[in-house]
Every structure is written in structure tokens, then in C-alpha cells.
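Worksheet: one structure, shown below.
This structure is a prediction, so every number in the text was calculated from the model and none was measured. For the numbers below, each heavy atom of this structure counts, side chains included, while hydrogens, waters and symmetry mates do not. Each residue takes its place number in the sequence, starting with 1.
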Amino acid sequence: MTSKLNGFGTTIFAEMSALAAETGAINLGQGFPDTDGPRAVLDAAIDAINSGGNQYPPLPGMAVLREAIAEHQQRFYGIELDPASEIVVTAGASEAIASALLGMLDAGDEVVVFEPMYDSYRANIAMASAIAVPVLLAPDVDGNYVFDPDELRRSIGAKTKLIMLNTPHNPSGKVFTRVELQLIADLAIDHDLVVVTDEVYEHLAFDGREHIPMCTLPDMFERTLTISSGGKTFHTTGWKIGWMTGPANLVAAARTAKQFLTFVNGGPFQPATAVGLRLPDSYFEGLRAGLQATRDRLCDVLTDIGFTVFQPEASYFATVDIRPIDASGDGYEFCRQLPAKAGVVAIPNEVFYARPDNGRHMVRFAYCKQMHVINTAADALAKGFAS
């Protein structure tokens, strides 16, 4: 195996999902919903299959989807995009991230990343022979994830090429504020950096919080590549339909790498995702409300058990500090023992850190499940940890 991937073995998601299957435990590890997407979206895919839409789509993606993405960005954020040159459809957000990093980075370039982070970021940076420079997101005294502006400033040096930003954030559930985004934007402008933003949870911000795309800040459109997907929003994670948008030069750089990865994918799922992006506001509001309810149910029982719970502001996941329950603070071992103790699978957060000790005592639970599943998991957890 290439030395670039030393330390990147089987993903934690595969390991813990296998543990769930082996033990029959409820899988609150990997973040996939347990319901299908909207009927209109599913039917559109069936119609596309039945009407012959099963061959290679165009490299940039089908026009119907690129046009729907442009409409979506205008509708929700006031962003104007040219579907012909400023949008490319990808094999999920994961391929878009890989394409952006492989298409923009040279050996030895540095990328500023906030940790904890989705695990593909560091692997993709390594595959580009670049270097990840982490900046810590950590809960403050109120349980809100924050970063140290001075650490962020110190992370930028002569070799810095790019800032990788994920908001709403996985695994913490943080929604970056306008003030935080402006600080990042100011540094990107001052140091002439590109910002790649992963915004797949854009429609899953709770309690009235606002998701603000980085590219909408002053002077940031021309240096921001925005990535999102339909999987989380339309409960179609297996379709792997994502996209990247931004100025034509950044999109072209990422597209050049993308064409040598999958080239194209998901023909019949592209027009179906276009249908989803054009659903009425009531769909997106209902999606948020349903997830907020399962978040509250799971977080309540985790709090009652005695964990320190960091209430997520968005996304699919709730993070807890296990030390009030397990003095060892060993999240990995805690997750290995959890199925036998409480019939539930979770994910140890240390895998999301470039410096694992920062997250050793943290564990992530997914609440993107039907309420009856969350209720069953909550009862199992309460019983397993009863004194």
C-alpha cells in the first residue's frame, strides 16, 4: 500500500456496522436514515429507469439537475450560478471533496482543517501528497463548539493553499456563525486562500438557526468551492448524488480530477434529485422538525443516564463525553463494549481527530432514525446503564 495511506485502514463505519450486524444491536453509528425519501423523488427515479435513462450522463451532470441546483441556490441563498460552467454533479459529496483536493493541491501544500472532521478529509489530503493542519473545535463552558481565533491564525503559513470548512458540522453538529465565517473569510482573503466548504447538512439546522454559505460573504464567491448532496436531504444516501458549485476556474480544477475518478454516475438518480430540490418549503421544514424531535429524545435519555451531552445545533449526530459514566475516558473501548451492555452501536470520536487525544473521551450517536427506533434505543440505553 502507498505510504500516503499509512494509518488509513478500514473505516470506523465499516467496523462498527459489522459489530451491529454481528450482535443484533441498534446501529446508531453510521449516519444513514432508515426511511426512504419522498415518494415524488423515488417515483422520478423509477420513471427515469423505465424511460431509458440508464446510460452515461454528461460529465458535468444532466442539465435538468444542474438547472435545479442553480434554482435551489438562488431560492434559498440568493446565489446566482451558471449551470453550464459553475456546477458539476459528483458521486456524492465524498467524490466532490476528493476531486477538489486532488484537483487543487500540489505535494507539500498545507490545508487548514477543523477537527473533529469527517474522516475522508485527511485521507484525501494525504492522497494529494498535501499536509493537514488541524484547528481544534472544542466545547466551551456552555457546551457550544468553538475554536480559538489565534490558533486559526497560527495555522496559516507560507505553504497554506486551502481551508476546508464543514458547516453544519459533522460530528459536532455545530453551525458556524456569521462572525466565525467572516473571520475565516478575512483570513482567506488576506492570505489569498481557497475555501472548500462541505454543506451537506445545509437543510438540517435546528432551533431556528441559519445556515450561511461561505460564498455569500463579501468577496468570497470567487475563492469558494461549495459542496453539497441530496443524500442527507432526501434520505437517498445510497444514490450518491452530490455536486460542487462555484466560480468556473475552481469548478474546472475539481472537474478535471473528477473525470478520472468515477467520470459519471447515477444517471436515473440525477433527474430524481432535481425533483427533490424543487420540493416545496414544507418538505424541508418537516425534515428539520422530524430530526429535531429525534435529537431531543435521544439527547434527553443520554443526559438522564449521566453523560455530558453537547446538544447538536444541526446534522444527524449527538456527541457525548463518556467520562461521567466511564472514568477511563476510552471512547473506542466504550463503543466496543456498548452493544453487549446496552444493545446499541455508536462511534468513537477519536477517529475524527488528527490529534486523537482531543477526542478520546467523546462518542457520537446518530439520531437520523424513525422515532420508534430511537425510543427502542433510548429504552435499551437506559436499561443498560441503570444502576
Practice prompt. Is it possible for you to check whether K174 lies under 6.0 Å from the centre of the six-membered ring of F176, through NZ or CZ, and within 45° of that ring's axis?
Written response: yes

Fill in: Salt bridge flag under 4.0 Å for residues D330 and R336
no

Discussion item. Within the supplied structure, the quantity of interest is the number of heavy atoms (other residues, nucleotides, ligands) at a distance under 6.0 Å from D300 CG; does it exceed 12?
Written reply: yes

Response to the item:
Minimal heavy-atom distance between A84 and R66, with the atoms involved, is CA-NH1, 3.8 Å

Discussion item. Please say yes or no: joined through hydrophobic side-chain contacts below 4.5 Å, possibly via intermediate residues, are V133 and I184 part of one cluster?
Written reply: no

Item to complete: Answer yes or no: is there an ion pair linking K161 with E110, defined by an N-O contact shorter than 4.0 Å?
Response: no

Worksheet item: Taking atom types as modelled, is there a side-chain donor on E333 or S328 under 3.5 Å from an acceptor on the other?
Response: no

Worksheet entry | Contact check, side chains of T224 and T197, non-hydrogen atoms, under 4.5 Å | yes

Discussion item. Check for me whether the distance between the ring centres of Y201 and H169 falls short of 6.0 Å.
Written reply: no

Practice prompt. Take R75 and D281, measure what salt bridge (Lys or Arg N to Asp or Glu O under 4.0 Å) needs, and give me the verdict at the end.
Written response: CA-CA 10 Å; R75 169 186 171 187; D281 290 353; 2.6 Å; yes

Worksheet item: Just one of R360, E115, M362 clears the side-chain contact (heavy atoms from CB on, under 4.5 Å) bar with N349, so which one?
Response: M362

Worksheet item: Does the side chain of W243 come within less than 4.5 Å of T273's, by heavy atoms?
Response: yes

Item to complete: Indicate if L187 and L137 have the same hydrophobic cluster label, given that clusters are the connected sets of ILVMFWY residues with side-chain heavy-atom separations under 4.5 angstrom.
Response: yes

Fill in: Under 3.5 Å donor-acceptor, T233 side chain and G230 backbone
no

Worksheet entry | Minimum heavy-atom distance between M16 and P348, given as atom pair plus value | CE-CD, 4.1 Å

Practice prompt. Please find out if less than 6.0 Å separates the ring center of F114 from that of F147.
Written response: yes

Worksheet item: Honestly, is K240 close enough over F269, meaning NZ or CZ under 6.0 Å from the six-membered ring centre and within 45° of the axis?
Response: no

Item to complete: Can you label the angle between the F284 ring and the H203 ring as parallel, tilted or perpendicular, going by 30° and 60°?
Response: tilted

Item to complete: For the residue pair Y367 and F206, categorise the inter-ring angle as parallel (less than 30°), tilted (30 to 60°) or perpendicular (more than 60°).
Response: tilted

Worksheet item: Hey, does the Lys NZ or Arg CZ of K369 hover above the aromatic six-ring of F32, less than 6.0 Å from the centre and inside 45° of the axis?
Response: yes

Fill in: S228 and E202: side chain donor to acceptor below 3.5 Å
yes

Fill in: E199 and T167: CA distance, side-chain angles, deciding distance, side chain to side chain donor-acceptor pair (under 3.5 Å) verdict
CA-CA 5 Å; E199 303 182 12; T167 184; over 6 Å; no

Discussion item. For residues V351 and Y353: do they belong to one hydrophobic cluster (side chain heavy atoms under 4.5 Å, members Ile, Leu, Val, Met, Phe, Trp, Tyr)?
Written reply: yes

Worksheet entry | Test item: P213 and T226 side chains (from C-beta on) under 4.5 Å apart, heavy atoms | no

Practice prompt. Grab the two heavy atoms, one from V264 and one from P57, that are nearest each other, plus how far apart they are.
Written response: CG1-O, 3.3 Å

Discussion item. Assess the residue pair N170 and R364 against the criterion (side chain to side chain donor-acceptor pair (under 3.5 Å)); give the C-alpha distance rounded to whole Å, side-chain angles, the decisive distance to 0.1 Å, and a yes or no.
Written reply: CA-CA 10 Å; N170 171 20; R364 190 191 82 173; 2.9 Å; yes

Worksheet item: If you take all heavy atoms of A98 and L261, which pair is closest and at what distance?
Response: CB-CD1, 4.4 Å

Discussion item. Do D379 and T376 pair up side chain to side chain, a donor and an acceptor below 3.5 Å, judged on atom types alone?
Written reply: no

Discussion item. Are F76 and H211 an aromatic pair, judged by ring center distance below 6.0 Å?
Written reply: no

Fill in: E313/R209 salt bridge by N-O under 4.0 Å criterion
yes

Practice prompt. Go through the steps for D186 and Q182 under the test side chain to side chain donor-acceptor pair (under 3.5 Å), then give the verdict.
Written response: CA-CA 6 Å; D186 290 344; Q182 189 61 62; 2.8 Å; yes

Worksheet item: Do R323 and D321 sit within salt-bridge range, that is, some charged N less than 4.0 Å from a carboxylate O?
Response: yes

Worksheet item: When clusters are formed by joining ILVMFWY residues with side-chain heavy atoms under 4.5 Å apart, either directly or through shared neighbours, do I125 and M127 land in the same one?
Response: no

Response to the item:
Taken to the nearest 0.5 Å, the spacing of R295 CZ from C368 SG works out to 14.0 Å

Worksheet item: R255 and V88: which non-hydrogen atoms are nearest, and at how many Å?
Response: CD-CG2, 3.8 Å

Worksheet item: T177 side chain to E180 main-chain N or O, any donor-acceptor pair under 3.5 Å?
Response: yes

Worksheet item: Quick one: does T308's side chain get under 4.5 Å of T303's, heavy atoms only?
Response: no

Item to complete: Classify the side-chain pair T245/E86 by whether it contains a donor and acceptor separated by less than 3.5 Å.
Response: no

Worksheet item: Should D198 and L165 count as side-chain neighbours, where that means a heavy-atom distance under 4.5 Å?
Response: no

Discussion item. If I compare all heavy atoms of G31 with all of K232, which pair ends up nearest, and what's the gap?
Written reply: O-CE, 3.9 Å

Worksheet item: Does the side chain of L28 reach to within under 4.5 Å of the side chain of I374, using non-hydrogen atoms?
Response: yes

Discussion item. I'd like to check I46 versus N50 (side-chain heavy atoms, cut-off strictly below 4.5 Å). Are they in contact?
Written reply: yes

